[in-house]
Amino acid sequence: MSNLDEYGGGPGPNAQVLVVTTNDVPGYRVERIIGEVFGLTVRSRHIGTQIGASLKSMLGGELRGLTKTLVESRNQAMERLIEQTVARGGNAVLMMRFDVTEAADLGTEICAYGTAAVISPNPS
C-alpha cells in the first residue's frame, strides 16, 4: 500500500474544523452560516518533474511526481481554507470542493472552497 501522507490528504480525525462535501452533517445541526471561504495556492512546474512527466507520458503509467505535487498543493489549499474558517469563528466547512485550473501557462491554481458554518451536536 502506498504512503497515505504522500498520496492522500485532508484533515485528520481530531481536526479543529470538520470539512465535509455534504450540505449537512448527520447528528449535528447548523447553528450559523458564516459564508463562503476559500484557500488558494498557485504552483509553478518544477523543470525536473516536468521532464520526467513528459518522458513517462510517452511510456504510460502514473506520473508520481506530479501526483505528489498535486497532493501537496491540495493540502496547502485545504489548510488555508481551514485557517479562513477558524479566523471567521467557524468550526465546519460544508459543501467543500476543489477547483484546479491552469494559471497562464506558468503553473496550476488550486482552490479549496466551501461554506463556513458553526455546527453543534444534536441534543440526545
Side-chain angles (χ1 to χ4, degrees):
M1 180 168 192
S2 64
N3 186 338
L4 292 177
D5 292 334
E6 290 182 3
Y7 297 106
N14 299 320
Q16 180 179 3
V17 173
L18 179 64
V19 179
V20 297
T21 59
T22 56
N23 293 333
D24 52 15
V25 180
Y28 288 79
R29 68 177 179 270
V30 176
E31 297 288 339
R32 181 169 54 100
I33 295 291
I34 296 169
E36 181 188 13
V37 287
F38 66 90
L40 181 69
T41 186
V42 178
R43 294 288 178 106
S44 63
R45 293 181 185 92
H46 182 274
I47 189 69
T49 302
Q50 199 64 13
I51 291 169
S54 296
L55 293 172
K56 183 72 173 182
S57 68
M58 293 184 337
L59 300 172
E62 180 183 11
L63 306 173
R64 289 183 180 243
L66 292 177
T67 300
K68 286 181 182 181
T69 299
L70 184 56
V71 167
E72 290 169 2
S73 300
R74 283 183 171 218
N75 287 340
Q76 185 177 47
M78 180 78 92
E79 288 169 10
R80 291 176 177 173
L81 170 82
I82 290 169
E83 288 172 7
Q84 288 291 311
T85 300
V86 170
R88 295 178 182 207
N91 66 351
V93 177
L94 309 176
M95 302 270 307
M96 193 285 293
R97 302 286 188 268
F98 283 109
D99 185 42
V100 179
T101 57
E102 291 298 314
D105 290 332
L106 297 174
T108 304
E109 173 189 346
I110 296 93
C111 182
Y113 63 96
T115 303
V118 175
I119 62 173
S120 62
N122 283 332
S124 299

Checklist entry - Can any side-chain N or O of Arg97 pair as donor or acceptor with the backbone N or O of Gly114 at less than 3.5 Å? => result no
Checklist entry - Do Asn91 side-chain atoms and Ile119 backbone N/O form a donor-acceptor pair below 3.5 Å? => result yes
Checklist outcome for this item: Correct closest heavy-atom pair for Ala117 and Leu94 would be CB-CD1, 4.1 Å
Item to check | Residue pair Val17 / Leu81, side-chain heavy-atom distance below 4.5 Å | outcome: no
Checklist entry - Can any side-chain N or O of Arg29 pair as donor or acceptor with the backbone N or O of Asn122 at less than 3.5 Å? => result no
Next on the checklist: Take a 6.0 Å sphere around CZ of Phe38 and say whether it holds more than 12 heavy atoms from other residues, nucleotides or ligands.
Outcome noted: no
Checklist entry - Between atom CD of Glu72 and atom CZ of Arg43, what is the distance when rounded to the nearest 0.5 Å? => result 6.0 Å
Checklist entry - Rounded to the nearest 0.5 Å, how far does OG1 of Thr22 lie from CE of Met96? => result 10.5 Å
Item to check | Minimal non-hydrogen separation, Glu31 against Ser120, with atom names | outcome: OE2-OG, 2.5 Å
Item to check | Any Ile82 side-chain heavy atom under 4.5 Å of Gln16 side chain | outcome: no
Next on the checklist: Count I, L, V, M, F, W, Y as connected when their side-chain heavy atoms are under 4.5 Å apart, and connections chain through other members. Are Val93 and Val30 then in the same cluster?
Outcome noted: no
Checklist outcome for this item: One should read off an interatomic distance between Glu36 CD and Met95 CE, to the nearest 0.5 angstrom, of 11.5 Å
Next on the checklist: For Ala116 versus Val37, what's the shortest heavy-atom pair and its separation?
Outcome noted: CB-CG1, 3.7 Å
Checklist entry - Does Arg80 use its side chain to pair, donor to acceptor, with the backbone of Ala112 at less than 3.5 Å? => result no
Item to check | Atom CZ of Phe98: over 12 foreign heavy atoms under 6.0 Å | outcome: yes
Checklist entry - Excluding sequence neighbours, so at least two apart, what forms side-chain hydrogen bond (donor to acceptor under 3.5 Å, both in side chains) with Ser73? => result none
Checklist entry - Can Val19 be reached from Val86 by stepping across I, L, V, M, F, W or Y side chains whose heavy atoms are under 4.5 Å apart? => result yes
Item to check | Distance (rounded to the nearest 0.5 Å) between Ile34 CD1 and Gln84 CD | outcome: 11.0 Å
Checklist entry - Which atom names give the shortest non-hydrogen contact between Ala77 and Ile110, and what distance separates them? => result CB-O, 3.9 Å
Checklist entry - Do you know which of Val42, Val100, Thr41 makes side-chain contact (heavy atoms from CB on, under 4.5 Å) with Glu109? => result Val42
